[in-house]
2 protein chains.
Amino acid sequence: MLVPGKTSGRAGIADVARLAGVSIGTASKALNDRGQLREETRARVQAAAEQLGFIPSSVATSLLTGRTFTVGLIMTDHHGRFSLPVLHGAEDALGWAETLAFVCDTRDDPIREQHYVRSLLGRRVDGIIVAGRRAEARPPLITRAPVPVVYAFARSADEGDCSVVTDEEGGAVLAIEHLVRTGRRRIAHVTGPHGHASAIARVAGVSRALRAAGLEPVGDPWYGGWSEVWGRFAAAALTREHPDVDAVFCGSDTIARGVADGLRESGRRVPEDVALVGVDNWAPIAEECRPPLTSVDLNLREVGRQAGRLLLQAIENGHTPGVHSVDCQLVVRSSSAPASGRT
Amino acid sequence: MLVPGKTSGRAGIADVARLAGVSIGTASKALNDRGQLREETRARVQAAAEQLGFIPSSVATSLLTGRTFTVGLIMTDHHGRFSLPVLHGAEDALGWAETLAFVCDTRDDPIREQHYVRSLLGRRVDGIIVAGRRAEARPPLITRAPVPVVYAFARSADEGDCSVVTDEEGGAVLAIEHLVRTGRRRIAHVTGPHGHASAIARVAGVSRALRAAGLEPVGDPWYGGWSEVWGRFAAAALTREHPDVDAVFCGSDTIARGVADGLRESGRRVPEDVALVGVDNWAPIAEECRPPLTSVDLNLREVGRQAGRLLLQAIENGHTPGVHSVDCQLVVRSSSAPASGRT
DNA sequence: GCGGTTGAGGAAAAGGGTTTCCGCCGGTAG
DNA sequence: CTACCGGCGGAAACCCTTTTCCTCAACCGC
């Protein structure tokens with residue numbers, strides 16, 4: 001039942017106070033368990049608030065305290081394959097509904113990005129998270145931002161900023177160690193475009209892990225694209241040039257799926273003849289692959305969680321510069337089962 | 001250069017006014033092109049604002065005007081395949097950065113949802129969009145909401161609410177008409193689980209379109225799951241039971257991809273022997289399919305755009321109840337090219 | 001009986017803008 | 001010379017809630 005009281009049509013604390021027969025200040029104290037009030041008064045006020053469906057305006061308290069319990073989340077990959085898990089992680093860290101996130105999709109347009117930043121700043125967000133896939137370190141969002149900024153997944157070029165990234169090199173090491181452990185010896189690496197930062201990091205991990213295991217790589221890394229077509233092509237070429245290959249580590253699940261199809265069509269069995277590991281652990285690809293694909297999970301949700309935690313920390317205690325790294329995780333499916341007769 | 005003026009560390013309009021040598025009221029008028037001021041004064045104030053990097057706090061104006069230029073976007077499908085395009089469309093309608101959206105992922109948990117709703121209401125959002133895939137109409141978010149609510153893609157069970165949905169039945173008609181137009185006569189339909197609302201709508205569309213074309217369906221609709229495995233299985237069974245089939249309309253791109261693989265492995269060529277159309281137009285699947293897949297696009301972005309527009313309209317002029325339908329769009333790729341020798 | 005103490009609740013300021021209303025000043029017309 | 005008017009800019013109210021400070025009354029002990 002609406003009370004004709006205030007302009008907005010919504011009950012304000014003044015309406016609650018009037019209904020309970022107390023002053024505004026007293027009502028506030030009753031609702032926030034502050035001050036010294038008789039229990040009876042407190043209950044009366046709370047009943048009144050309940051009856052009116054009173055929800056306090058955080059706009060007013062924000063104005064008062066200077067904190068909005070609001071952050072901006074800027075994403076640059078509009079399909080959300082990378083930003084969404086980051087958002088989920090951030091939500092975890094920010095507490096369900098404790099702090100809410102304005103999500104802004106820049107569509108990789110710097111003008112739009114600046115618009116959004118200005119808008120966020122005008123709304124007095126407590127901080128900003130910049131999420132999104134980008135091979136290289138990205139230019140800082142803004143110089144001398146009046147609120148903390150944390151970069152998630154895409155790291156800032158400015159070392160004084162705070163970034164959270166995945167340890168892609170470590171992820172590659174994980175994959176190779178797994179293959180070696182399951183008895184593979186002739187391991188090839190098929191990946192994305194030459195010069196792509198992710199490709200570079202993973203190649204480095206592959207070299208390191210192979211060296212540590214005392215193995216020679218099977219040819220140079222195969223650079224191409226991130227597509228299935230490339231994977232199929234590479235599989236055909238690979239089996240032709242290196243018939244003894246017994247495992248392929250792929251720079252993405254998409255490539256790996258192409259490789260799986262290519263191998264099957266060249267008469268190789270997966271995993272019996274050749275084991276396969278991808279990267280991304282992207283369910284619709286990895287799980288539908290024939291056979292289901294072992295994959296390196298980039299742990300993006302944890303990246304988001306860390307970013308959220310660091311942001312909160314920066315808001316409360318000040319800036320924590322540096323690059324924070326999150327480990328990858330290997331998700332084992334059947335594509336890398338040990339070949340029969342091996343360890 | 002920070003001015004020691006105010007508490008927050010950020011320049012306020014008082015700082016600007018002081019620097020420009022005018023009163024606060026005058027400064028406000030100068031910055032908002034309001035009132036009668038000498039051009040010189042206006043310029044002086046604007047220069048001061050520029051120098052201080054002044055960004056007005058929309059918290060303050062929101063408190064004053066009662067409008068926050070903020071909406072809530074509640075999503076229920078956490079992979080975002082459906083909600084994200086809706087978000088993008090909504091962003092289009094809300095104007096880049098004019099109105100920002102709090103994005104809340106409920107993970108299909110009603111408790112979390114209520115938390116978020118309360119939080120949004122406390123933040124005095126101007127309206128709420130509920131997005132997300134759900135087969136059936138969903139229960140209303142809240143009864144007697146103090147702000148307008150628009151349901152996007154998942155429609156509300158309450159007819160008095162405002163919902164925007166895609167015309168899934170119409171999408172199926174589009175697909176069948178396309179197949180008929182390119183000379184196919186023996187058209188089968190492979191879809192998801194029996195009883196699923198989307199499956200039901202599409203089956204209805206298929207029947208209608210086939211009847212209109214004077215064709216008999218090839219057997220009953222094939223109900224199964226939304227997976228590739230099901231598609232492969234169905235393809236094998238289909239070619240066995242109906243060797244004369246020359247087209248398959250699939251309930252999703254994933255199924256269609258499975259069917260494509262299954263057909264190829266049964267010795268049928270796509271599209272020469274059998275044409276294929278999917279639903280979703282989900283790029284990573286449709287484009288990587290062999291051959292690239294013709295697909296019915298659900299036009300989710302447009303759904304989001306409509307939802308945004310309707311919400312804005314509801315905020316400004318009041319409620320517009322009813323279910324608004326958005327047409328699907330057929331995206332033609334090579335999987336449905338006319339067989340050689342046909343029209 | 002009176003001062004001190006404590007418990008309960010009210011009054012008012014604050015926070016950062018916008019807007020309305022008002023006053024001042026200079027120019028112009030009567 | 002005075003009255004009026006228009007241009008320009010300032011003072012203050014207002015939005016909603018929290019919080020601090022204050023008042024008032026009752027009760028206690030001496």
Side-chain angles (χ1 to χ4, degrees), chain A residues 3 5-46 48-49 52 54-69 121-126 146, chain B residues 3 5-46 48-49 52-70 121-126 146:
Chain A
V3 167
K6 283 289 127 193
T7 53
S8 71
R10 242 179 296 199
I13 199 170
D15 302 299
V16 175
R18 200 174 319 125
L19 181 59
V22 296
S23 75
I24 290 180
T26 304
S28 171
K29 277 176 274 194
L31 295 172
N32 297 298
D33 280 328
R34 216 62 56 82
Q36 321 221 61
L37 277 69
R38 250 177 310 166
E39 201 43 53
E40 188 269 329
T41 311
R42 216 179 276 281
R44 190 152 36 92
V45 172
Q46 280 163 357
L52 261 33
F54 170 69
I55 299 180
S57 161
S58 54
V59 176
T61 64
S62 296
L63 184 57
L64 201 50
T65 63
R67 218 164 135 190
T68 56
F69 290 94
L121 257 22
R123 281 170 166 85
R124 295 296 188 262
V125 292
D126 296 331
Chain B
V3 167
K6 282 289 125 194
T7 52
S8 71
R10 243 180 296 198
I13 199 170
D15 302 299
V16 175
R18 199 174 321 124
L19 181 57
V22 296
S23 76
I24 290 180
T26 304
S28 172
K29 276 176 274 196
L31 295 173
N32 297 296
D33 282 328
R34 216 61 56 83
Q36 320 221 62
L37 277 69
R38 251 177 309 166
E39 201 42 53
E40 187 269 329
T41 311
R42 215 178 276 284
R44 188 151 38 90
V45 172
Q46 280 164 356
L52 260 35
F54 170 69
I55 299 181
S57 161
S58 54
V59 175
T61 64
S62 295
L63 186 57
L64 198 52
T65 63
R67 239 187 105 180
T68 55
F69 290 94
T70 274
L121 258 23
R123 283 170 166 86
R124 295 295 189 263
V125 292
D126 295 331

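All values derive from a computational prediction rather than experimental measurement. Chain A is the first sequence line, chain B the second, and so forth, proteins listed ahead of strands; every chain is numbered from 1.
Thr61(A) comes within contact range of the sugar-phosphate backbone alone, with a heavy-atom separation under 4.0 Å but no base atom that close. Nucleic acid contact for Ile13(A): sugar-phosphate only, since backbone atoms but no base atoms lie under 4.0 Å from a heavy atom of the residue. Within 4.0 Å (heavy atoms only), Arg42(A) reaches no atom of the nucleic acid at all. Among the atoms of the strands shown, only primed sugar atoms or phosphate atoms (P, OP1, OP2) are found under 4.0 Å from some heavy atom of Ser57(B). Ser62(B) comes within 4.0 angstrom of no nucleic acid atom, judged by non-hydrogen atoms across all strands. When heavy atoms are screened at a 4.0 angstrom cut-off, Leu37(A) is found touching the sugar-phosphate backbone but no base atom.
Side-chain N/O atoms of Arg38(A) include none lying less than 4.0 angstrom from OP1 or OP2 on dG7(C). Using a 4.0 Å cut-off, some side-chain N or O of Thr41(B) falls inside it from OP1 or OP2 of dG9(D). Using a 4.0 Å cut-off, no side-chain N or O of Arg44(A) falls inside it from OP1 or OP2 of dA8(C). For dG9(C), the OP1/OP2 oxygens have no side-chain nitrogen or oxygen of Thr26(A) closer than 4.0 Å.
If one axis is set at each end of the helix from dG1(C)-dC30(D) to dG30(C)-dC1(D) from five pairs, those axes are 70° apart, to 10°.
When the P atom of dC16(D) is taken as reference, atom CG of Leu64(B) falls 9 Å away, rounded to whole Å. Rounded to a whole Å, the CD atom of Gln36(B) is 15 Å from the C1' atom of dG10(D). Rounded to an integer number of Å, the gap from Asp15(A) CG to dC16(D) P is 9 Å. In this structure, the CZ atom of Arg34(A) is 13 Å from the C1' atom of dT20(D), given to the nearest Å. Going from atom CG of Leu31(A) over to atom P of dT19(D) covers 12 Å, rounded to whole Å. As rounded to whole Å, 6 Å separates atom P of dT17(D) from atom CZ of Arg124(B). If you take CZ of Phe54(B) and P of dT18(C), they are 7 Å apart, rounded to a whole angstrom. A straight line from CZ of Arg67(A) to P of dG15(C) spans 19 Å, rounded to a whole angstrom.
Looking at residues two or more places apart in sequence or on another chain, you find no side-chain hydrogen bond (donor to acceptor under 3.5 Å, both in side chains) involving Thr65(B). Residues passing the side-chain hydrogen bond (donor to acceptor under 3.5 Å, both in side chains) test with Arg123(B) are Ser119(B), sequence neighbours excluded. Residues forming a side chain to side chain contact (heavy atoms under 4.5 Å, CB included) with Ile24(A) (at least two apart in sequence, or on another chain): Ile13(A), Ala14(A), Ala17(A).
Take the nearest nucleotide of DNA chain D for Glu39(B) and for Thr65(B): the residue whose nucleotide is more 5' is Glu39(B).
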Which atom pairs, donor and acceptor, lie under 3.5 Å between side-chain atoms of residues 33-41 of chain B and protein residues at least two apart or in another chain?
unit_1, atom_1, unit_2, atom_2, d
Arg34(B), NE, Asn32(B), O, 3.4
Glu40(B), OE2, Arg44(B), NE, 3.1

Please tabulate, one pair per line, all N/O donor-acceptor pairs under 3.5 Å involving side-chain atoms of residues 55-63 of chain A, not counting sequence neighbours.
unit_1, atom_1, unit_2, atom_2, d
Ser57(A), OG, Val59(A), N, 3.2
Ser57(A), OG, Ala60(A), N, 3.4
Ser58(A), OG, Gly122(B), O, 3.0
Thr61(A), OG1, Ser58(A), O, 3.1
Ser62(A), OG, Ser58(A), O, 2.7
Ser62(A), OG, Arg67(A), O, 3.4

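For Lys29(B) against dG17(C), a side-chain-to-base donor-acceptor contact under 3.5 Å is absent.
Across Ala27(A) and Val22(A), no two heavy atoms sit closer than the pair N-CG2, 4.1 Å.
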